[in-house]
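Below is one structure; the comments refer to it alone.
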Amino acid sequence: MRLLNLFKIAFKAIVLNKMRTLLTMLGIIIGVASVIAMLAIGEGSKESIRSTISSMGSNMITIRPGADDRGPARGSGGDVQTLTLKDYQEIKKQATMLSYITPVVNGGGQVINGANNWPSSIYGVNPDYLKIKVVDLQSGSMFTDDEVQSASKVALIGQTVVDNVFPDGQDPVGQMIRFNNIPFKVIGVLEEKGENTFGQDQDDVVIAPYTTVQKRILAIDYLNQVMASAISEDDAPAAVTQVTEILRSQHKLLDNEEDDFSVRSMEELISTFSSTSEMLTLLLVAVASISLLIGGIGIMNIMYVSVKERTKEIGLRMAVGAKGADILLQFLIEAVLISITGGVLGVILGLGATVFIEKFLNWPTSVALYSIVISFAVCAVTGIFFGWYPARKASSLDPITALRYE
């Protein structure tokens, strides 16, 4: 019953000073809302990255020339010519943990159809490419192994290319286009995928046999990369190890020599991007948490003012039998109520901000339950931490001195 009365007294004190209480809560409200919104953006980014990379093929493995560039002292393998068709053939022959594999060569140029032209990228691959990348055809068909062997001038195009070189709505399948003045017959249109998380247009692409692109477009005898698909997602790490061993043997590397290639799985990419996203989220949350600290200091200041204003009330309560612990608990409850109420309003504002960000700014968000729980916990701790000292001061007042206070 005593505790209930203390809650009633604390609540009345808050209601009697609505504007001052609201201003006191402002720092807590903004802090909690910011923390929830920032964590939602961070979680949304991680989920979007995982979804985007998985949509490329969760079992996919990429093999690139040059040393792995994850370390600060290692260079990029973009211009290194250490990956050959022989490497691809040996991997295909020996790797038992792979279900599909394709060599990849790529370059840029102009796609031309009559008076219409569009800058795009061309990728030279084999028929396994669509299975590895988990891409379907909107219309037409994929080229065959025979067309790869004969370096046929056939191609598949993405929807962005279709929109720009066939603007009149003509069906591109069966039509002729040119890429850097080399004629290609369009035999298929890729399904529309849109932009990925990194802002790259996945539909702005031309797909052709790698032999054709190697000989007629790029005039090279090496590969830009090899793409493969592990038997299952769980087998991807073992597949990476197996491919690494095959290539080290193929390149005759000694035990003390570094790889002159890099083999990466999608899981590694997801982990790398997720860790980067987590670091940015923590930074944003740390900045947002400053508002909670400011809100706590505001509570302390207002509680000091409240103790000053209510010194006579404190003296009167002590004179009629209230103990120091009662006064301490009364002001502590008041501080916690202010903090928790601010937390509730902050959660509502934070959820509203998250909806606004997703609907109007088109940023991926995902509200995690733990962010709300943590916010409430922080609010309670803030109320106790910053309210305790003023409450302790109120409880230690001398009743006679308090009654004489002007």
Side-chain angles (χ1 to χ4, degrees), residues 48 51-60 62 99-218 223-229 266:
S48 179
S51 174
T52 299
I53 295 178
S54 294
S55 70
M56 299 175 188
S58 59
N59 306 342
M60 192 171 74
T62 56
S99 52
Y100 304 106
I101 183 169
T102 177
V104 181
V105 289
N106 61 279
Q110 291 287 127
V111 183
I112 304 166
N113 174 38
N116 302 306
N117 66 86
W118 178 253
S120 188
S121 301
I122 190 167
Y123 283 80
V125 296
N126 72 13
D128 283 355
Y129 179 79
L130 296 187
K131 299 183 184 74
I132 295 169
K133 293 283 285 183
V134 196
V135 179
D136 291 327
L137 290 174
Q138 184 176 303
S139 60
S141 59
M142 184 59 168
F143 45 80
T144 64
D145 286 322
D146 289 339
E147 287 172 317
V148 172
Q149 293 301 318
S150 61
S152 298
K153 290 180 281 188
V154 292
L156 290 78
I157 57 177
Q159 190 60 47
T160 299
V161 178
V162 173
D163 293 340
N164 285 279
V165 300
F166 293 96
D168 56 358
Q170 182 183 12
D171 184 3
V173 177
Q175 303 298 317
M176 296 298 295
I177 60 171
R178 284 177 292 150
F179 191 94
N180 287 356
N181 293 320
I182 304 297
F184 284 87
K185 181 180 179 180
V186 178
I187 61 171
V189 176
L190 301 169
E191 68 170 354
E192 191 170 354
K193 299 196 76 173
E195 289 188 355
N196 60 23
T197 304
F198 316 112
Q200 181 182 3
D201 186 356
Q202 300 177 89
D203 303 318
D204 189 5
V205 65
V206 177
I207 305 294
Y210 72 88
T211 48
T212 310
V213 177
Q214 258 190 330
K215 296 172 184 176
R216 303 182 187 275
I217 303 291
L218 303 177
L223 303 178
N224 295 124
Q225 63 176 300
V226 173
M227 294 174 63
S229 181
M266 284 294 101

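Small disclaimer: the values here were computed from a predicted structure and weren't measured.
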Give, for atom [atom1] of [X] and atom [atom2] of [Y], the distance between the pair rounded to the nearest 0.5 Å.
X	Y	atom1	atom2	result
E191	S139	CD	OG	11.5 Å
T160	E192	OG1	CD	7.0 Å
M142	N126	CE	CG	7.0 Å
S121	F179	OG	CZ	7.0 Å
L218	N224	CG	CG	7.0 Å
D128	Y100	CG	OH	7.0 Å

Check whether [X] reaches the backbone of [Y] with its side chain - one donor and one acceptor, N or O, closer than 3.5 Å.
X	Y	value
T211	V148	yes
T62	M227	no
S150	D146	yes
S229	I132	no

[X] to [Y] - nearest heavy-atom pair and separation:
X	Y	value
G114	R178	O-NH2, 4.5 Å
V226	L223	CG2-CD1, 3.8 Å
P119	Q110	CB-OE1, 3.3 Å
V186	P172	CB-O, 3.3 Å
V206	A155	CG1-CB, 3.9 Å
V213	A208	CG2-CB, 3.9 Å

Checklist entry - Does the side chain to side chain contact (heavy atoms under 4.5 Å, CB included) test come out yes or no for I207 and V125, once each step is laid out? => result CA-CA 7 Å; I207 305 294; V125 296; 3.5 Å; yes
Checklist entry - For F166, which of N116, V161, I157 qualifies under side chain to side chain contact (heavy atoms under 4.5 Å, CB included)? => result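 The side chain to side chain contact (heavy atoms under 4.5 Å, CB included) with F166 is passed solely by I157 among N116, V161, I157.
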Item to check | Min side-chain heavy-atom separation P127-D145 under 4.5 Å | outcome: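 In contact.
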Checklist entry - Should I182 and I217 count as side-chain neighbours, where that means a heavy-atom distance under 4.5 Å? => result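 When only atoms from C-beta onward are counted, I217 and I182 do touch, with a gap below 4.5 Å.
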Checklist entry - Run the side chain to side chain contact (heavy atoms under 4.5 Å, CB included) check on K185 and K153 step by step: do they pass? => result CA-CA 6 Å; K185 181 180 179 180; K153 290 180 281 188; over 6 Å; no
Next on the checklist: Pair L137, L156 - check side chain to side chain contact (heavy atoms under 4.5 Å, CB included), show working.
Outcome noted: CA-CA 9 Å; L137 290 174; L156 290 78; 3.0 Å; yes
Can you tell me if [X] and [Y] form a side-chain donor-acceptor pair at under 3.5 Å?
X	Y	result
Q175	Q170	yes
W118	N113	no
D163	Q159	yes

Checklist entry - Do other residues, nucleotides or ligands put more than 12 heavy atoms under 6.0 Å from the OH atom of Y129? => result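 Yes, OH of Y129 has more than 12 neighbouring heavy atoms, counting only those of other groups under 6.0 Å.
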Item to check | Audit row: V165, I112, side chain to side chain contact (heavy atoms under 4.5 Å, CB included) steps and yes/no | outcome: CA-CA 7 Å; V165 300; I112 304 166; over 6 Å; no
